[in-house]
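Here is the structure we will look at.
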Amino acid sequence: MNRKPHDLPNYQRPELARLLPALKVLEDCYAGLYGKKEDYLLRNGQEPPWAYQNRVERATFNNKLKPIVDSCAGLLTAFTIAELPESLEAAQDDIDLSGASLSQFLQQCDRLSLRDGYCFVLVGWHGTNDGDRTAADDITNPQRPYLKCIPRQSVINWRHRQVEGLSVLTQVTIAMQSEQEQGEFGCASVTQYHVLSLAEGGVRHRAWEIDRKGEPVLASESMSDNQAIPLICYPCSEDAFNCDTPPLHKLAELNIKLFRKESILDEIEYRVNAPTVVRYWPDEVPQSPGAVVVGATSVIEVPNASRGSKVEILEIQGGGMAQLQASIDKLKNDIEAEGMNFLSGTNAVERTATEAFLSTAQIKAILDGYMSAKLSAVERIVALWCGWTGEEFVTEFSADANLLEQPLTAQDIQAWLGLYNSRVLSLQTLLEIVTSGLGDRIGHSIEEEIERIKDEFGVESQPPPTSIEDTSGFETVSDEEE
């Protein structure tokens with residue numbers, strides 16, 4: 001039977017298909033091009049296969065993408081969850097049934113979403129009610145919810161419906177790899193297409209496979225009483241399932257360009273340092289000329305030479321190395337600028353102190369916004385978990401407010417010392433600010449600070465001067481008095 005593409009469970013949204021090459025570049029770059037160098041280091045037209053393979057093996061990928069993603073993901077781990085549901089607290093050391101703790105799982109989601117723009121989290125249920133169970137059953141085959149991180153490219157199809165002005169997810173298809181036994185010892189990887197759709201009374205879950213004839217085969221089917229498809233866009237976004245190009249795609253493309261240029265430079269250096277033999281033949285070059293072995297050499301065979309049989313060593317000058325190195329240095333600056341552009345919206349590498357301060361503030365604002373979206377996603381994940389277990393959802397979330405704060409500079413410390421010397425800041429507060437290294441806020445109320453000043457100086461805090469003339473009666477403490 002000839003079926004149309006949109007009648008098959010492996011149907012892929014066209015807008016996602018256009019985005020897949022960009023997602024592949026990001027995935028390969030983040031993995032350091034492991035096993036993928038040949039895809040990005042192309043073979044020259046007349047290059048022998050053995051020479052191309054040697055060039056690929058010599059090439060080294062200088063990964064610029066992974067440190068940016070991992071460092072940002074590390075910053076986003078500083079949050080706390082209070083009063084976890086009992087079942088979630090019991091499962092938090094193996095939240096995905098693969099050994100990852102809840103914090104490790106969320107950090108994996110952070111890395112994936114920072115790299116690709118966003119990812120998905122599936123809140124599924126493991127196990128079936130098959131009668132009496134033992135403690136061993138609870139360990140080997142637990143019956144409980146679990147979390148699964150889904151890459152963006154694995155969600156291949158989706159449908160929405162407008163309900164009272166809101167966009168409701170009514171169907172989604174997730175491509176997953178599963179292993180099937182093959183023979184006595186082997187196994188094979190099979191793609192299953194998990195279709196979750198809203199149905200009367202809950203959510204219908206069907207797992208499909210495509211056979212060799214291209215026909216769909218229903219592998220399994222189940223029904224749950226969930227009122228919503230248990231799939232969350234991570235971090236939460238008003239534009240979930242968008243197919244915009246990921247923010248770090250340009251950086252990944254520049255990283256590939258750097259890889260190619262550095263490979264060319266390495267080859268030039270290799271050729272300059274390795275001898276090249278030129279062998280002249282009075283007639284045609286024999287089918288199997290005698291070997292020339294002088295270390296790692298290249299041999300140029302010249303037929304019909306007027307000078308007769310002769311062997312020379314050719315010295316390659318490599319005159320363009322300086323220009324190529326300058327081009328590589330400029331490209332590295334462009335990559336650094338693109339990394340800053342991802343964080344702060346500015347592509348200036350060399351900045352003034354004011355620009356650097358504003359850039360840092362913008363980075364903080366962006367990461368604060370991401371943290372807020374992350375906490376919203378985690379809140380929805382826990383709510384779906386409680387939907388499976390029937391527990392009450394009373395969990396509270398909070399992020400470490402100091403983690404993304406700007407550190408004190410020497411100028412900041414001098415300003416705080418000036419306030420202390422003017423007796424409008426207590427010594428206790430000054431020490432708290434300096435030891436914390438953060439100076440954009442005081443961790444207590446104004447009334448408490450006034451009481452501290454009274455206790456230390458025996459006087460009330462003086463109002464700030466409104467003009468230069470008002471400072472004449474303003475008490476200060478000199479260095480000699482201290």
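In this chain, numbering begins with 1 at the start of the sequence shown. The shown structure was predicted, so the numbers you read here are calculated from the model rather than taken from an experiment.
A pairwise comparison of heavy atoms in Tyr234 and Cys109 identifies CE2-CB, 3.5 Å as the closest pair. Scanning all heavy atoms of the two residues, the minimum distance from Leu114 to Leu76 falls at CD1-CD1, 4.3 Å. Heavy atoms only, all atoms of each residue included: Leu42 and Tyr52 are closest at C-CE1, 3.7 Å. For the pair Glu38 and Gln53, the tightest heavy-atom approach, listed with the atom from each and the gap, is OE2-NE2, 3.9 Å. Residue Leu112 comes nearest to Cys119 through the heavy atom pair CD2-CB, 3.9 Å, listed as atom of the first residue, atom of the second, then distance. The minimum heavy-atom distance between Ile95 and Arg144, with the atom names listed, is O-NH1, 4.0 Å.
Heavy-atom contacts from other residues, nucleotides or ligands closer than 6.0 Å to NZ of Lys148 number 12 or fewer. Within 6.0 Å of NZ on Lys37 lie more than 12 heavy atoms contributed by other residues, nucleotides or ligands. Shown here is Glu179, whose CD atom has no more than 12 heavy atoms of other residues, nucleotides or ligands within 6.0 Å. By the 6.0 Å contact criterion, CZ on Arg159 is open, its count of non-hydrogen atoms from other residues, nucleotides or ligands being 12 or less. For Glu86, the CD atom is loosely surrounded, since the number of other residues' heavy atoms within 6.0 Å does not exceed 12. Counting non-hydrogen atoms of other residues, nucleotides and ligands closer than 6.0 Å to CZ of Arg161 gives a total of 12 or fewer.
Formation of a donor-acceptor pair under 3.5 Å by the Gln108 side chain with backbone atoms of Cys149 is not found in this model. Side chain of Arg260 to backbone of Tyr40: a donor-acceptor contact under 3.5 angstrom is found. The backbone N or O of Gly418 lies less than 3.5 Å from a partner atom in the side chain of Ser422, making a donor-acceptor pair. Asp94 contributes a side-chain N or O that, together with a main-chain N or O of Gly99, makes up a donor-acceptor pair within less than 3.5 Å. Side-chain N or O atoms of Arg13 include one that pairs as donor or acceptor with a backbone N or O of Trp158 at under 3.5 Å.
Inter-residue side-chain proximity for Val203 and Leu198 is flagged as met; some heavy-atom pair is nearer than 4.5 Å. Annotation: side chain of Ile256 is not in contact with side chain of Asp28 (no heavy-atom distance under 4.5 Å). Between Phe241 and Val155 there is a side-chain heavy-atom pair separated by less than 4.5 Å. Between Pro246 and Leu19 the shortest side-chain heavy-atom distance falls below 4.5 Å. When side chains are defined from C-beta on, Pro145 counts as touching Thr389, because their heavy atoms get closer than 4.5 Å. Proximity of Leu88 to Glu391: side-chain heavy atoms (C-beta onward) are nowhere separated by under 4.5 Å. With a 4.5 Å cut-off on side-chain heavy atoms, Gln162 and Ser167 count as touching. For the pair Leu26/Gln153, no side-chain contact is recorded, criterion being any heavy-atom separation below 4.5 Å from C-beta on.
Interatomic distance, CG of Leu265 versus CG of Leu324, reported as 5.0 Å (0.5 Å rounding). Put simply, CH2 on Trp388 and OH on Tyr146 are 8.5 Å apart, with the number rounded to the nearest 0.5 Å. The CZ atom of Arg206 lies 10.5 Å from the CE atom of Met223; values are rounded to the nearest 0.5 Å. Ile229 contributes atom CD1, which lies 12.5 Å from atom CZ of Arg204 (distance to the nearest 0.5 angstrom). Taking CG of Leu65 as the reference point, atom CD1 of Ile335 lies at 10.0 Å (rounded to 0.5 Å). For the atom pair OG of Ser98 and CG of Leu147, the computed distance is 11.0 Å after rounding to the nearest 0.5 Å.
Residue pairs meeting the ring-ring contact (aromatic ring centres under 6.0 Å, His included) criterion with at least one member in residues 84-110: none, sequence neighbours excluded. Screening residues 60-75 for side-chain hydrogen bond (donor to acceptor under 3.5 Å, both in side chains), with sequence neighbours left out, gives Tyr30-Asp70, Lys66-Asp70.
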- Show your working on salt bridge (Lys or Arg N to Asp or Glu O under 4.0 Å) between Lys257 and Asp334 and close with a plain yes or no. CA-CA 11 Å; Lys257 186 176 181 180; Asp334 292 342; over 6 Å; no
- Task: Could you give me the CA-CA distance, side-chain angles and deciding distance for Leu231 and Leu196, then say whether side-chain contact (heavy atoms from CB on, under 4.5 Å) is met?
- Result: CA-CA 9 Å; Leu231 186 72; Leu196 286 76; 6.0 Å; no
- Give the C-alpha distance, both sets of side-chain angles, the deciding distance and a yes or no for side-chain contact (heavy atoms from CB on, under 4.5 Å) between Cys72 and Tyr370. CA-CA 10 Å; Cys72 290; Tyr370 190 98; over 6 Å; no
- Task: List the steps, then state whether salt bridge (Lys or Arg N to Asp or Glu O under 4.0 Å) holds for Asp116 with Arg152.
- Result: CA-CA 7 Å; Asp116 296 342; Arg152 182 176 175 179; over 6 Å; no
- Give the C-alpha distance, both sets of side-chain angles, the deciding distance and a yes or no for salt bridge (Lys or Arg N to Asp or Glu O under 4.0 Å) between Glu262 and Lys332. CA-CA 11 Å; Glu262 288 186 332; Lys332 288 181 178 179; 3.7 Å; yes
- Just do the side-chain contact (heavy atoms from CB on, under 4.5 Å) check on Leu331 and Ser327 with the steps written out, would you? CA-CA 6 Å; Leu331 181 56; Ser327 176; 5.7 Å; no
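In this pair, Phe259 and Phe61 present their aromatic rings perpendicular. The plane angle is above 60°, beyond the 30 to 60° band. Between His194 and His205, the ring planes lie tilted relative to each other; the angle falls in the 30° to 60° range.
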